[in-house]
There are 2 protein chains.
Amino acid sequence: MTCAINYAPQLRAQGLRMTPQRMAILHVLHHAGGHLSPTQVYKQARKEFPSLTEPTVYRTLEDLAEKKLLLAAHIGNGKIVYELAEGQHHHLICHQCGKTIQVEHTPFKTLYRQLESLTGYKLDSSHVTFFGLCSDCQS
Amino acid sequence: MTCAINYAPQLRAQGLRMTPQRMAILHVLHHAGGHLSPTQVYKQARKEFPSLTEPTVYRTLEDLAEKKLLLAAHIGNGKIVYELAEGQHHHLICHQCGKTIQVEHTPFKTLYRQLESLTGYKLDSSHVTFFGLCSDCQS
DNA sequence: TTCCTTATTGCAACTTTTTACAGTAGTATG
DNA sequence: CATACTACTGTAAAAAGTTGCAATAAGGAA
Ligand SMILES: [Mn+2]
Ligand SMILES: [Mn+2]
Ligand SMILES: [Zn+2]
Ligand SMILES: [Zn+2]
């Protein structure tokens, strides 16, 4: 739990404050080592900080994602999950069996540059989800 | 409203049935000419078929998207919208001002091929959303 | 330490989305 | 037509996510 205090400087740098609620939420995500849904975060973080409420969890996850401390991923049907922002990557999900794999950002760079010069948008290159059939499910 | 009957063969080909509920939903999407949220579809389709219920709308939108009659788009924060599946395209959304533009699939083809040979996944190349800053919001 | 500013939280009410299951109604077939 | 099969729908209830607002508490300054 104290490990989460290490995020205080990053928060402060973004104009955010460190609170026990945010400590609990960051701690949960820190130890999960993967993607968690808001509900999962809520249930687990409550164990460490029982008075935590849902609105706080949803707001915190959104705020921390906006400030790039977390990554949000859309995993289909409007489901959203979060993880600590560490390596830059994207996801491929099999919509037959659900198997998910990560891919580095590197192969995307060319496309991103093309899109940027084509549209004038400056893309933030983060955490896009693609769907398809994994090798097992293609037969 | 009767225009929606034209989708019956496509439904049938996928093992689905044409019902008055689906007629109403397809009709709404057909005349909207853009992306609608499930709630918007529900409210509008009720005008044409007042006994329509929410579970039917959510199920129908998912089913029709799965069978490729509709496209689902994740537009951030777990929000999802649907449109009739016509041209193949993707979206760029400005997360400052919300301005959304379409881009053709063509420039994605090379990347998709790379990812497929890299991962063994067969990607379905549909309707991905990217976020960034539009030209106006970059200053 | 104390004070001040304002970011953050909890509360209460609300909206949206999901679930399980029993009843209904497309549609193919004779 | 009449029948049978089963995809589809509505109901009722729960779960998940959202909103506005008043009270609280970080954390910088005095
Ligand atoms: Mn990830
Ligand atoms: Mn679209
Ligand atoms: Zn698979
Ligand atoms: Zn913009």
Side-chain angles (χ1 to χ4, degrees), chain A residues 2 4-26 28 35-46 48-67 69-70 72-82, chain B residues 2 4-26 28 35-46 48-67 69-70 72-82:
Chain A
T2 64
I5 196 71
N6 299 322
Y7 295 102
Q10 298 183 59
L11 286 175
R12 216 78 266 290
Q14 304 272 13
L16 301 183
R17 298 173 180 176
M18 179 53 91
T19 66
Q21 290 87 346
R22 284 175 180 169
M23 290 260 288
I25 290 167
L26 284 165
V28 163
H35 306 91
L36 295 181
S37 70
T39 304
Q40 289 175 312
V41 171
Y42 173 65
K43 287 181 181 156
Q44 295 194 35
R46 281 212 102 179
E48 313 192 343
F49 192 83
S51 63
L52 185 68
T53 61
E54 287 102 334
T56 296
V57 172
Y58 287 98
R59 280 182 300 222
T60 299
L61 292 173
E62 264 187 52
D63 293 345
L64 297 184
E66 189 183 345
K67 301 297 197 208
L69 279 90
L70 302 182
H74 297 272
I75 56 170
N77 290 328
K79 260 71 174 170
I80 191 171
V81 293
Y82 292 88
Chain B
T2 62
I5 196 71
N6 299 322
Y7 296 101
Q10 298 183 59
L11 287 176
R12 213 80 267 291
Q14 306 270 12
L16 302 183
R17 298 173 179 175
M18 179 53 91
T19 67
Q21 292 87 344
R22 286 174 179 171
M23 290 262 287
I25 290 168
L26 284 165
V28 162
H35 306 92
L36 295 180
S37 70
T39 304
Q40 289 175 313
V41 171
Y42 172 66
K43 288 180 181 158
Q44 294 193 36
R46 280 211 103 177
E48 311 192 343
F49 194 83
S51 64
L52 184 68
T53 62
E54 286 103 334
T56 296
V57 172
Y58 286 97
R59 281 182 300 226
T60 299
L61 292 173
E62 265 187 52
D63 292 345
L64 296 184
E66 189 183 346
K67 300 297 197 211
L69 278 90
L70 302 182
H74 297 270
I75 56 170
N77 292 325
K79 260 69 174 170
I80 192 172
V81 292
Y82 293 88

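Chain A is the first sequence line, chain B the second, and so forth, proteins listed ahead of strands; every chain is numbered from 1. If you're wondering where the values come from, they're calculated on a predicted model, not measured in any experiment.
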Grab the N/O contacts between the protein and nucleotides 9-14 of chain C below 3.5 Å, and write none if there aren't any.
unit_1	atom_1	unit_2	atom_2	d
dT9(C)	OP1	Thr19(A)	OG1	2.9
dT9(C)	O3'	Gln21(A)	NE2	2.8
dG10(C)	OP1	Gln21(A)	NE2	3.3
dG10(C)	OP1	Ser51(A)	O	3.2
dG10(C)	OP2	Thr53(A)	OG1	3.1
dG10(C)	OP2	Thr56(A)	OG1	2.6
dG10(C)	N7	Arg59(A)	NH2	3.0
dG10(C)	O6	Arg59(A)	NH1	3.1

Contact check, side chains of Thr19(A) and Thr56(A), non-hydrogen atoms, under 4.5 Å: no
Donor-acceptor contact below 3.5 Å, side chain Gln10(A) vs main chain Tyr7(A): no
Any donor-acceptor N/O pair, Gln14(B) side chain to Lys67(B) backbone, under 3.5 Å: yes
I'd like a table of atom pairs between the protein and nucleotides 28-30 of chain C - only N or O on both sides, under 3.5 Å - with the distance next to each one.
unit_1	atom_1	unit_2	atom_2	d
dA28(C)	OP1	Arg12(B)	NH1	2.4

Minimum side-chain heavy-atom gap Leu16(B)-Leu64(B) below 4.5 Å: yes
Distance in angstrom units between Glu54(B) CD and dA13(D) C1', rounded: 13 Å
Integer-rounded Å distance: dT18(C) P and Asn77(A) CG: 7 Å
Criterion side chain to side chain contact (heavy atoms under 4.5 Å, CB included) on Arg22(B) and Asp63(B), from CA distance to verdict: CA-CA 11 Å; Arg22(B) 286 174 179 171; Asp63(B) 292 345; 4.0 Å; yes
Nearest-Å distance for atom pair CG/P, residues Leu61(B) and dT17(C): 10 Å
Distance, rounded to the nearest Å, where Glu66(A) contributes CD and dA7(C) contributes C1': 14 Å
Criterion side chain to side chain contact (heavy atoms under 4.5 Å, CB included) on Glu62(A) and Tyr82(A), from CA distance to verdict: CA-CA 9 Å; Glu62(A) 264 187 52; Tyr82(A) 292 88; 4.1 Å; yes
d(CD, Gln40(B); C1', dT16(C)) in whole Å: 13 Å
Residue whose nearest DNA chain C nucleotide is more 5′ - Gly78(B) or Leu16(B): Gly78(B)
dT18(C) OP1/OP2 closer than 4.0 Å to side-chain N/O of Lys79(A): yes
Val28(A) and Gln40(A): CA distance, side-chain angles, deciding distance, side chain to side chain contact (heavy atoms under 4.5 Å, CB included) verdict: CA-CA 9 Å; Val28(A) 163; Gln40(A) 289 175 312; over 6 Å; no
Nearest heavy atoms of His74(B) and Gly78(A), plus distance in Å: CE1-N, 3.1 Å
Whole angstrom value for the distance that separates P of dA26(D) from OH of Tyr7(A): 20 Å
Closest heavy-atom pair and its distance - Leu52(A), Tyr42(A): O-CE1, 3.5 Å
Nucleotide dA7(C), atom P - distance to CD of Glu62(A) in whole Å: 17 Å
Between dT9(D) (P) and Tyr42(B) (OH): distance, integer Å: 14 Å
Residue whose nearest DNA chain C nucleotide is more 5′ - Tyr58(B) or Met18(B): Tyr58(B)
